[in-house]
K.L.:
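To start, I am sharing the structure in question, which I have written as structure tokens.
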Amino acid sequence: MAADVARAVRWARDNASRLGADPSRLLLCGHSAGAHLAAIVATDPRFLEAVGMATTDLEGVVGISGPYSVRMLVEETSAFVSFAVRFQA
């Protein structure tokens, strides 16, 4: 999915002028899972490099209510699921 976001960012940059926007001022924004994907694309250069861009091509990123530490979420969820399974009726 992050690769899809990177392709969308490339499309936005390539078409920004035609749409009345400044292609040098790209800002990613997302909510929840979208925030997570925006953060991944903005911080892992592999995704933008795959579409001929760099993380420095972004003006910034705004993430709203995103899961940013997936390892922590998996550990916490796994612990909760393990606890809940032990106490099922």
K.L.:
For V41 and L28, what are the C-alpha separation, side-chain angles and deciding distance, and is it a side-chain contact (heavy atoms from CB on, under 4.5 Å)?
P.N.:
CA-CA 9 Å; V41 170; L28 297 184; 4.0 Å; yes
K.L.:
Of all residues at least two apart in sequence or in a different chain, which pass the side-chain contact (heavy atoms from CB on, under 4.5 Å) check with A39?
P.N.:
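Checked A39 against side-chain contact (heavy atoms from CB on, under 4.5 Å); matches are Y68.
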K.L.:
Not counting sequence neighbours, which residues clear side-chain contact (heavy atoms from CB on, under 4.5 Å) with A16? List them please.
P.N.:
A21, P23
K.L.:
For residues G30 and A35, report the shortest heavy-atom separation together with the two atoms involved.
P.N.:
O-CB, 3.2 Å
K.L.:
With sequence neighbours excluded, tell me which residues meet side chain to side chain donor-acceptor pair (under 3.5 Å) with R18.
P.N.:
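Applying side chain to side chain donor-acceptor pair (under 3.5 Å) to R18 gives N15.
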K.L.:
To check you understand the geometry: which heavy-atom pair defines the closest contact between A6 and F47, and what is its length?
P.N.:
CB-O, 3.4 Å
K.L.:
Could you pull out all residues at least two apart from R46 that satisfy side-chain contact (heavy atoms from CB on, under 4.5 Å)?
P.N.:
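Once residues adjacent in sequence are excluded, the partners of R46 under the side-chain contact (heavy atoms from CB on, under 4.5 Å) criterion are D44.
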K.L.:
Please list, chain by chain and in numerical order, all residues satisfying side chain to side chain donor-acceptor pair (under 3.5 Å) with R10, sequence neighbours excluded.
P.N.:
D14
K.L.:
Kindly give the heavy-atom pair with the smallest separation between C29 and I64, and that separation in Å.
P.N.:
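So the minimum-distance heavy-atom pair works out to SG-CD1, 4.3 Å.
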K.L.:
Same cluster for L37 and L27 if Ile/Leu/Val/Met/Phe/Trp/Tyr side chains link at under 4.5 Å?
P.N.:
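As far as the 4.5 Å side-chain criterion goes, L27 and L37 are not connected within one cluster.
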K.L.:
Throw together a table of side-chain donor-acceptor distances under 3.5 angstrom for residues 52-62, partners on residues two or more places apart or in other chains.
P.N.:
| unit_1 | atom_1 | unit_2 | atom_2 | d |
| --- | --- | --- | --- | --- |
| D57 | OD2 | A54 | N | 2.8 |

